[in-house]
Amino acid sequence: MTIWVDADACPVVIRDILFRAAQRKQIPLTLVANQRIKTPPGGLITSIQVSAGFDVADNEIVRRVQANDLVITSDIPLASEVIAKGAQALSPRGELFTEENIGERLNIRDFMDTMRSSGIQSGGPPPLNQADRQRFANHLDKILQRL
């Protein structure tokens, strides 16, 4: 298993949880972003910098992900693509995306996008809180315990 992180939008606190988990379990972790991201020394945790552009990092993750890998992303279309390849997807807020719930999540995303396009302001998600961090850490631990 490799853990892939859609790192452009991943909160630092979630990255820190991932760094500790990867080192503790000795699991390769790769951050993919359109900017340079500093990683801890040791080689187990790496970073790939892609060019700027719409979905460039997402496309790189989809190209490299393998069945049974784990992808950390809040991007619903990316989650859908990696699930289709047999990988798992977990949001930084601790929502585990599955074959059973990804279709509904895509529909909600598309509906909200349509609402925003028509001028209705919905605001962004609330700030990441302690409950979100705990939910993320709990799901991550469950996934890593199955190894």
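Index from 1, following the sequence.
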Checklist line | Residue pairs involving residues 43-53 (criterion salt bridge (Lys or Arg N to Asp or Glu O under 4.0 Å); sequence neighbours excluded) | finding: none
Notebook entry, point to check: Could you go step by step and tell me if M1 and I143 meet the side-chain contact (heavy atoms from CB on, under 4.5 Å) rule?
Noted result: CA-CA 11 Å; M1 170 193 268; I143 291 167; 3.8 Å; yes
Could you pull out every donor-acceptor pair under 3.5 Å between side chains of residues 19-40 and any protein atom, sequence neighbours left out?
from, atom 1, to, atom 2, distance (Å)
R24, NH2, D141, OD1, 3.3
Q26, NE2, Q23, O, 2.7
T30, OG1, T46, OG1, 3.2

Notebook entry, point to check: If you round to the nearest 0.5 Å, how far is CZ of F54 from CG of N59?
Noted result: 9.0 Å
Checklist line | D69 side chain vs T2 backbone, donor-acceptor pair below 3.5 Å | finding: yes
Checklist line | From NE2 (H139) to CG (L70), nearest 0.5 Å | finding: 11.5 Å
Margin query: Using every non-hydrogen atom in the two residues, find where I14 and C10 come nearest and quote the distance to one decimal.
Written below: CG2-SG, 3.7 Å
Check: Any chain of hydrophobic side-chain contacts (each under 4.5 Å) joining V5 to L140?
Finding: yes
Notebook entry, point to check: Quick one: CG on L144 to CD1 on I3, what's the gap to the nearest 0.5 Å?
Noted result: 5.0 Å
Notebook entry, point to check: Got more than 12 heavy atoms from elsewhere within 6.0 Å of CG, D16?
Noted result: yes
Next item on the list: Check step by step if side-chain contact (heavy atoms from CB on, under 4.5 Å) holds for F97 and I76.
Entry: CA-CA 8 Å; F97 300 114; I76 306 296; 3.5 Å; yes
Item checked: Which residues share a side chain to side chain donor-acceptor pair (under 3.5 Å) with E99, sequence neighbours left out -> none
Next item on the list: Enumerate the residue pairs fulfilling side-chain hydrogen bond (donor to acceptor under 3.5 Å, both in side chains) with a member in residues 80-91, sequence neighbours excluded, ordered by first and then second residue.
Entry: none
Notebook entry, point to check: Is any side-chain heavy atom of I72 less than 4.5 Å from a side-chain heavy atom of P92?
Noted result: yes
Please set out all donor-acceptor pairs under 3.5 angstrom arising from side-chain atoms of residues 127-137, sequence neighbours excluded.
from, atom 1, to, atom 2, distance (Å)
N129, OD1, A131, N, 3.0
N129, OD1, D132, N, 2.8
Q130, OE1, R133, NE, 3.4
Q130, OE1, R133, NH2, 2.9
D132, OD1, R135, NH2, 2.5
D132, OD2, R93, NH1, 2.8
D132, OD2, N129, N, 3.1
Q134, NE2, N138, OD1, 3.0
R135, NE, R93, O, 3.0

Check: Does L96 share a hydrophobic cluster with L18, counting links as ILVMFWY side-chain heavy atoms below 4.5 Å and allowing steps through other members?
Finding: yes
Note to self: Give me the atom names and distance for the closest heavy-atom approach of D8 to A57.
What the structure shows: OD2-CB, 4.0 Å
Notebook entry, point to check: What distance separates I102 CD1 from I83 CD1, expressed to the nearest 0.5 Å?
Noted result: 4.5 Å
Next item on the list: Can you tell me which residue pairs pass the salt bridge (Lys or Arg N to Asp or Glu O under 4.0 Å) test with a partner in residues 40-63, sequence neighbours excluded?
Entry: E60-R63, E60-R64
